[in-house]
S.K.: 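Below is a structure I'd like to ask you about.
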Protein chains: 2
Amino acid sequence: MRIGELAGRADVSTRALRYYEEQGLLESGRTVSGQRVYPESAVDRVRLIQELFTAGLSSRLIVTLLPAIDARRIDPELLQRLVGERAAIEAKLVGLQAAARRLDLLIDLATHPDTTSCPASLEQGAAQPV
Amino acid sequence: MRIGELAGRADVSTRALRYYEEQGLLESGRTVSGQRVYPESAVDRVRLIQELFTAGLSSRLIVTLLPAIDARRIDPELLQRLVGERAAIEAKLVGLQAAARRLDLLIDLATHPDTTSCPASLEQGAAQPV
DNA sequence: CTAAAACTTGACGTTGACGTCAAGGGCAAG
DNA sequence: CTTGCCCTTGACGTCAACGTCAAGTTTTAG
């Protein structure tokens with residue numbers, strides 16, 4: 001298929017697809033006249049890339065990750081990076097979860113009229129709420 | 001305290017603090033000579049702001065949120081936005097966790113020599129791994 | 001054959017949360 | 001007094017993941 005169809009089926013812009021190629025995330029064949037041609041598998045590939053992007057991974061990480069996923073073979077150096085990135089993701093998770101709790105408290109505060117809800121815990125220094 | 005100390009204690013740059021002020025997220029008193037002065041409570045305030053930023057909230061949203069937090073009163077419109085943001089965070093969390101699992105599988109694959117580990121589940125269409 | 005739709009590369013624009021000078025003012029220590 | 005660190009206000013730079021023309025080529029529909 002050509003770039004327009006892939007874009008439609010993977011629900012991204014053609015610009016995004018060219019960007020992915022530029023970053024080494026996505027390959028494409030070419031017709032004689034130079035137009036990009038993709039196999040069916042590209043749809044899932046692009047969806048995978050999107051998934052990793054929305055997870056907040058950088059294209060730099062993804063570009064190292066994809067070959068590892070494909071080859072299922074990881075040299076020690078890459079392993080080091082993966083471990084490092086895993087830690088970074090964990091940190092992000094922790095931060096996001098804290099933020100999520102904070103938002104939940106706010107939402108509670110707003111939905112519950114104003115029952116003597118959660119005493120403090122919206123401001124800082126509330127100690128772990130459970 | 002002055003800006004340098006606040007920056008140190010809240011673990012952000014002085015530039016960030018000035019940016020927060022610019023965005024209306026953080027107030028400061030001034031000495032006669034014009035230097036910013038903050039109360040102790042500013043430390044927690046800045047940490048809260050940071051937390052909301054890591055949650056992916058924009059400064060525009062935060063600037064409307066902070067007074068609501070202070071007043072412990074949130075109008076329905078703001079509530080709607082919060083619920084939306086909460087959902088966005090949840091989606092991000094799910095995405096990040098999926099990415100984390102992928103990384104874990106890769107790391108496993110690399111550390112374990114190559115036991116017939118987890119069959120597929122690295123590529124697409126692996127169905128929920130639990 | 002022709003016009004529209006889809007494609008190409010190239011290059012500049014956007015947004016948010018700051019980083020990073022630049023040029024100067026203020027203040028405790030020696 | 002002057003050295004040195006902290007502070008001030010600009011104002012331009014950055015980075016990522018594209019968006020958005022522009023100008024030209026190719027493919028498709030009629």
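Not measured: the values here are computed from a predicted model. So that the names make sense, note that chain A is the first sequence line, chain B the second, and so on, each numbered from 1.
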S.K.: What is the distance, to the nearest angstrom, from the CG atom on A/L25 to the C1' atom on D/dA17?
M.R.: 11 Å
S.K.: Among D/dA17, C/dG26, D/dT26, which nucleotide has an atom closest to any side-chain atom of A/F53?
M.R.: D/dA17
S.K.: Please tell me which of the listed nucleotides, C/dC12, C/dG19, D/dT8, lies nearest to the side chain of B/R30?
M.R.: D/dT8
S.K.: I need the single residue from A/L103, A/T111, A/I107 that forms a side-chain contact (heavy atoms from CB on, under 4.5 Å) with B/V83. Which is it?
M.R.: A/I107
S.K.: With sugar-phosphate meaning primed atoms plus P, OP1 and OP2, does A/L57 contact a base, only sugar-phosphate, or nothing at under 4.0 Å between heavy atoms?
M.R.: sugar-phosphate
S.K.: Could you go step by step and tell me if B/I3 and B/L6 meet the side-chain contact (heavy atoms from CB on, under 4.5 Å) rule?
M.R.: CA-CA 5 Å; B/I3 199 172; B/L6 177 56; 5.5 Å; no
S.K.: Please test B/R47 against B/E51 for salt bridge (charged side-chain N to carboxylate O under 4.0 Å, His left out), starting from the C-alpha separation and ending with a verdict.
M.R.: CA-CA 6 Å; B/R47 292 211 180 109; B/E51 201 172 305; over 6 Å; no
S.K.: Base of C/dT8, side chain of A/R36 - is there a donor-acceptor contact under 3.5 Å?
M.R.: no
S.K.: Under 4.0 Å, counting only non-hydrogen atoms across every strand here, what does B/S59 touch: a base, just sugar-phosphate, or nothing?
M.R.: sugar-phosphate
S.K.: What is the nucleic acid contact for A/T14, judged by heavy atoms within less than 4.0 Å: base, sugar-phosphate only, or nothing?
M.R.: nothing
S.K.: Do B/L79 and A/L106 come within less than 4.5 Å of each other through their side chains, counting heavy atoms only?
M.R.: no
S.K.: Within less than 4.0 Å of OP1 or OP2 of C/dG19, is there a side-chain N or O belonging to B/S13?
M.R.: yes
S.K.: Please tell me if the side chains of A/R30 and A/R36 come closer than 4.5 Å, counting only heavy atoms from C-beta onward.
M.R.: yes
S.K.: Between B/E40 and B/R9, does the salt bridge (charged side-chain N to carboxylate O under 4.0 Å, His left out) criterion hold? Intermediate values first, please.
M.R.: CA-CA 10 Å; B/E40 278 290 320; B/R9 290 180 54 189; 2.9 Å; yes
S.K.: If each of A/R15 and A/Y38 is mapped to the nucleotide of DNA chain C with the nearest heavy atom, which maps nearer the 5' terminus, i.e. the 5' end?
M.R.: A/Y38
S.K.: State which of D/dT8, C/dG26, C/dC18 makes the closest approach to the side chain of B/R18.
M.R.: D/dT8
S.K.: For B/E22 and C/dG16, what is the distance between atoms CD and P respectively, to the nearest whole Å?
M.R.: 13 Å
S.K.: Tabulate atom names and distances for all N/O pairs under 3.5 angstrom spanning the protein and nucleotides 3-6 of chain C.
M.R.:
none

S.K.: In this structure, how many angstroms lie between the C1' atom of D/dA17 and the CG atom of A/L61, rounded?
M.R.: 15 Å
S.K.: What distance separates B/I69 CD1 from B/L48 CG, expressed to the nearest 0.5 Å?
M.R.: 5.0 Å
S.K.: Separation of B/E21 atom CD from C/dC18 atom C1', in whole Å?
M.R.: 15 Å
S.K.: Expressed as a whole number of angstroms, how long is the span from A/Q23:CD to D/dA17:C1'?
M.R.: 9 Å
S.K.: Within the structure provided, determine whether A/L109 and A/L105 are in side-chain contact (heavy-atom separation under 4.5 Å).
M.R.: no
S.K.: If you look at every strand shown and take non-hydrogen atoms under 4.0 Å, does B/R60 touch a base, only sugar-phosphate, or nothing?
M.R.: nothing
S.K.: I need the OH-P distance between A/Y19 and D/dT20, as an integer number of Å.
M.R.: 17 Å
S.K.: Could you state the CD1-C1' distance from A/I49 to D/dC18, rounded to the nearest angstrom?
M.R.: 14 Å
S.K.: Check the distance between C/dC7's P and A/L17's CG and give it to me in whole angstrom.
M.R.: 10 Å
